[in-house]
Each structure stands twice: as structure tokens, then as C-alpha cells.
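When a ligand or atom number is given, it counts from 1 through the structure's own listing order.
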Amino acid sequence: MASGGSPALAPLAALPAVEVAAVELLTVELPLVVPFTTSFGRQTSREIPLLRVRTRDGDGWGELVTPPAPVYSEEFTAGAALVLRDHLVPGLLAAGRSVTAEDVASRLWSVYGHRMARAALETAILDAQLCAAGRSLADHLGAVRASVPAGVSVGIPDGGVPELVDQVEGYLGEGYLRIKAKIEPGFDAEPMRRLRDAVGDDVALQVDANAAYDPDDPEHVSALDRLGELDLTLIEQPFAPDRLRDHAHQATRWTTPVCLDESVHDAVRARDAIACGATSVINIKLARVGGPLEAVAVRDACLAVGVPVWCGGMLESGVGRAANVALAALEGFDLPGDVSASDRYWREDLTEPFVLDDGHVAVPTGPGLGRAPRPDALSEAAVLRLDR
Ligand code: SMG
Ligand code: MG
């Protein structure tokens, strides 16, 4: 079990509130450049809802990263849109239209869950506040680097191992610093052995099961056991999110570190998971934990006990990616994250693109997120007003 003292982390500076004039959800559909298949499904495009908070001082943006169906977690896009319109936005504005990012947690404490929806709202308000203050999100959160090491998450390809190897070699050729391969029962130890043989021992390789394995099924566990021969950086979320004790049990048997993703929905859960030995690395997604402020709290909980973290992704457009890249620039984010360049996902991003430079992605320096959607990218967006 990890232990240690809390490092002195500076609290975030207080920013002036913004006066909300309108809150809207603008949705566009964007095709992925390659289909993305995980243990829970195949995606060929993304419906991308962007939350816009209009204020007197300008607009703030946040991205709703929910998938169309409740397959990654309970959240899904249509449900998130309703909870924003019927609960989160009215609940937030009931106490007045002058708001801060912190108000999303404090005024909405009685609404359970829906963290991806809350994250979009909190990010948009914080973006508006920071734009008004002329300060970047990375700066505000305490970034310690100007660019972040980039990894890439590779789905289970339709063409099996030969296509996986081709894709991975392409990404390595572009300069990505680590590869994360998706696995599922039936596509695990043997395909990963062939991938390891093809790319060589020097490539940082990790796998993500998205909770597809049953800890009570000996065949599932044995397939995961065999991953131990492949010198993987980590195995991400083998079992269902609530099965902390099963993760802890297998972690004592495996040499490969266990990294939790779906299980960790806030800083309290991060502390519990670490304390019971269920995880020795954490994938932090600001959208999964309810926004950038809780993401920093999760990072703080991990840093306090020496647990490394890295920044995950949810196939975001440049809007969500800007927030992820700012988070990945913080102290403690020492492993390359799923913060790939725009062209890994989209032919044309909704914002000015993120590009790969020597295996790194530059942290935006402009006010707020440092990225906003191009107006022409939103010309055909469906608009839903959330604040009446
Ligand atoms: O943004 O590059 C990305 C995707 C990273 O693999 C990725 N995310 O479980 O970590 C994860 C998955 C969830 C994606 S579901 C749309
Ligand atoms: Mg994951």
C-alpha cells in the first residue's frame, strides 16, 4: 500500500464570477479517420455536443464527452443533455446568474452523478472566467510544462493483428511515445504477444480492457495472467468499475501494474482504490470525474501517496482536448497520456488543430482553453437552449 505525506500544492486562485446570459448545447457530427473499437462497441464517428456559456464578457466552451449509449459508464448523450437542461443548469442558475466554476459543485451537490454533464458545464464557466481574466487554463491549474508527451490509444481493428501492427507502426513512425491497445476476451494475450514481437521491447506498450473481464472466470483471469510476459507499462481497467477488491487481489498476483479508469469517479474513490491496493496508477479524465477542479483533486490525492497519473481521453474534439492538454501539463502527469494530435481522430478538427511535434503536443497558452470552435465548423450545428 502506498503511503506518504501531502506535498504542498498551491490552491487555485479565485477568479471573478461571470454573469450568464445563455447556456446552449451545439451538436455536430464528425467522422473519425479510423473506426474505434473497444470491448463495448465500435464507433465510426462522434456526435459532439459543445456547451456554450454566453456571458457579457464573451463565450466559454466545454465539451460533453458522453457516448451515444451508456456503454462506457451510465452516462450517454441524450441523458446528459436532459439532465443539463432540466436539473444542472436550472439548479445552478436558481441561486443567481453570477456564477463561478466552483458553483457547479457547491450549488449542485444534491444532484447525483452525471459527471460528464457537470464537467462540460464547469469547463465552460471556467473558460469564460479565464477568458475574462486573460489567463490560460494551464496557467490557472498550475502547469509545469509547455508541451505534454503524447500517447495514442488504438482500437481493436476489423482486420485483426496485421492491421493493428500496421496502425501501431504508423503511429510510432509519426513519433507517438507510447501505444495503448484495446483488448477484450478473445483478443488479448496472443494478439498482444504478436504486437510486442512486431514492435520490439523498447516500445512503451499498455492495454485497456474497458471492464470486459470477469474476475470469477478462470479463463478470463488466465488470459490476463499471460499478459505478464509482455513487459506492459500497465493494464487498464480489467474488471467492472465497482470490483475494487478483485482488482486488488489480482494486482498482488500480477507483475503488470493495474491502472484504474472507469472505477475512479472522484478523489475519494481514488484514495480508497489506492488504499486497498486496487490500483497503482490512475488514468485521470476530467470529464469522468466531473470537471477540471475535481481532476486536480484526484491528482492531488495520487501525488500525496506517490501514485503516478496520466491524462485519458474520450475522443474529444479540440475543445475537450484543450482542457485535457492543460491538465496533462500539471505536476504528477509523468506518463504519456491519450492526448493525441487532432489528425489521429479527425480530418478537420472543430478548432485550430493540435499537432504532434517530436512526440509532444503543445499546451495552449491563450486565455481560457486557448481553443474555441471555428464558427464555420458550427454552421450546421443543432442548438439546444439549456437555460429556460
Ligand atoms: O481520446 O484518444 C482518445 C481515446 C482514448 O481509449 C481511449 N478512451 O477507456 O480510456 C478509455 C477510452 C474510452 C473511450 S470511449 C469513447
Ligand atoms: Mg480506459
- Note on the structure: For the Mg ion (ligand 2), the nearest N/O/S atom on Asp208 is atom OD2
- Message: Please tell me whether Ser45 and Glu29 have a donor and an acceptor in their side chains that are separated by less than 3.5 angstrom.
- Response: yes
- Please name the pair of heavy atoms, one in Val264 and one in Val289, separated by the smallest distance, quoted to 0.1 Å. O-CG1, 3.5 Å
- Cationic N near anionic O, under 4.0 Å, Arg178 to Asp338: yes
- Between Phe36 and ligand 1, does any nitrogen or oxygen pair lie at a separation below 3.5 Å? no
- May I have the step-by-step check of side-chain hydrogen bond (donor to acceptor under 3.5 Å, both in side chains) for Glu63 and Ser317, ending in yes or no? CA-CA 8 Å; Glu63 182 164 339; Ser317 78; 2.6 Å; yes
- Item | Leu384 to Ala81 - nearest heavy-atom pair and separation | CD2-CB, 4.2 Å
- Note on the structure: Within the 4.0 Å heavy-atom cut-off, what Thr38 brings close to ligand 1 is neither
- Message: Could you check whether any heavy atom of Gln237 sits closer than 4.0 Å to an atom of ligand 1, since that is the contact criterion I want to use?
- Response: no
- Note on the structure: In this structure, atom 1 (O) of ligand 1 is nearest to the protein heavy atom Leu315 N, 2.8 Å
- Message: Tell me the protein heavy atom at minimum distance from atom 12 (C) of ligand 1, and give that distance in Å.
- Response: Lys182 NZ, 3.2 Å
- Does a side chain donor of either Ser263 or Gln237 reach within less than 3.5 Å of an acceptor in the other side chain? yes
- Query: Just heavy atoms, cut-off under 4.0 Å: does Arg344 contact ligand 1 by side chain, backbone, both, or neither?
  - Reply: neither
- Are Asp387 and Arg54 ion-paired here, with the side-chain N under 4.0 Å from a carboxylate O? no
- Query: Under 3.5 Å between some N or O of ligand 1 and some N or O of Arg321?
  - Reply: no
- Where ligand 1 meets Asn210 - atom numbers and elements under 4.0 angstrom, heavy-atom basis: 9 (O), 11 (C)
- Message: So, regarding Ser153 and ligand 1 (criterion: nitrogen or oxygen to nitrogen or oxygen, under 3.5 Å), is there a contact or not?
- Response: yes
- Task: Write the atom name of the N, O or S atom in Glu236 that is nearest the Mg ion (ligand 2).
- Result: OE2
- Task: For Lys180, take its heavy atoms, then give the atoms of ligand 1 lying under 4.0 Å from any of them.
- Result: 6 (O), 7 (C), 10 (O), 11 (C)
- Task: Would you mind checking which non-hydrogen protein atom is closest to atom 14 (C) of ligand 1, with the distance to 0.1 Å?
- Result: Met314 SD, 3.9 Å
- Just wondering, is there an N, O or S atom on Asp261 that's nearer than 2.8 Å to the Mg ion (ligand 2)? yes
- Item | Pro373 vs Leu50 side-chain heavy atoms within contact, under 4.5 Å | yes
- State, without any angle test, whether Tyr345 and Arg321 hold a side-chain donor-acceptor pair at a distance under 3.5 Å. yes
- Which residue holds the protein heavy atom closest to atom 3 (C) of ligand 1, what is that atom called, and what is the gap in Å? Tyr345 OH, 3.4 Å
- Find all atoms of ligand 1 within a distance of less than 4.0 Å from any non-hydrogen atom belonging to Asp208, and give their numbers and elements. 9 (O), 10 (O), 11 (C)
- Message: For the residue pair Asp246 / Tyr213, report whether a side-chain donor-acceptor contact shorter than 3.5 Å exists.
- Response: no
- Query: Between Arg374 and Glu348, is there a salt bridge with N-O shorter than 4.0 Å?
  - Reply: yes
- Item | Ion pair Arg271/Asp300, N-O distance below 4.0 Å | no
- Would you say ligand 1 has an N or O under 3.5 Å from any N or O of Tyr72? no
- Task: Among all protein heavy atoms, pick the one closest to atom 8 (N) of ligand 1 and tell me residue, atom and distance.
- Result: Gly313 O, 3.0 Å
- Can you tell which part of Asp261 has a heavy atom less than 4.0 Å from ligand 1: side chain, backbone, both or neither? side chain
- Which atoms from ligand 1 have a heavy atom of Phe40 less than 4.0 Å away? 15 (S)
- Query: For the residue pair Val361 and Val339, what are the closest heavy atoms and their distance?
  - Reply: CG2-O, 3.6 Å
- Might you point out which heavy atoms bring Pro364 and Val325 nearest each other, and give the distance in Å? CD-CG1, 3.9 Å
- Query: Of all the heavy atoms in Arg46, does at least one lie under 4.0 Å from an atom in ligand 1?
  - Reply: no
- Query: Numbering the atoms of ligand 1 from 1, which are under 4.0 Å from a heavy atom of Glu236?
  - Reply: 10 (O)
- List the closest protein heavy-atom neighbour of atom 11 (C) of ligand 1: residue, atom name, distance to the nearest 0.1 Å. Lys285 NZ, 3.0 Å
- Task: Consider ligand 1: state whether an atom of it lies below 4.0 angstrom from any non-hydrogen atom of Gln43.
- Result: yes
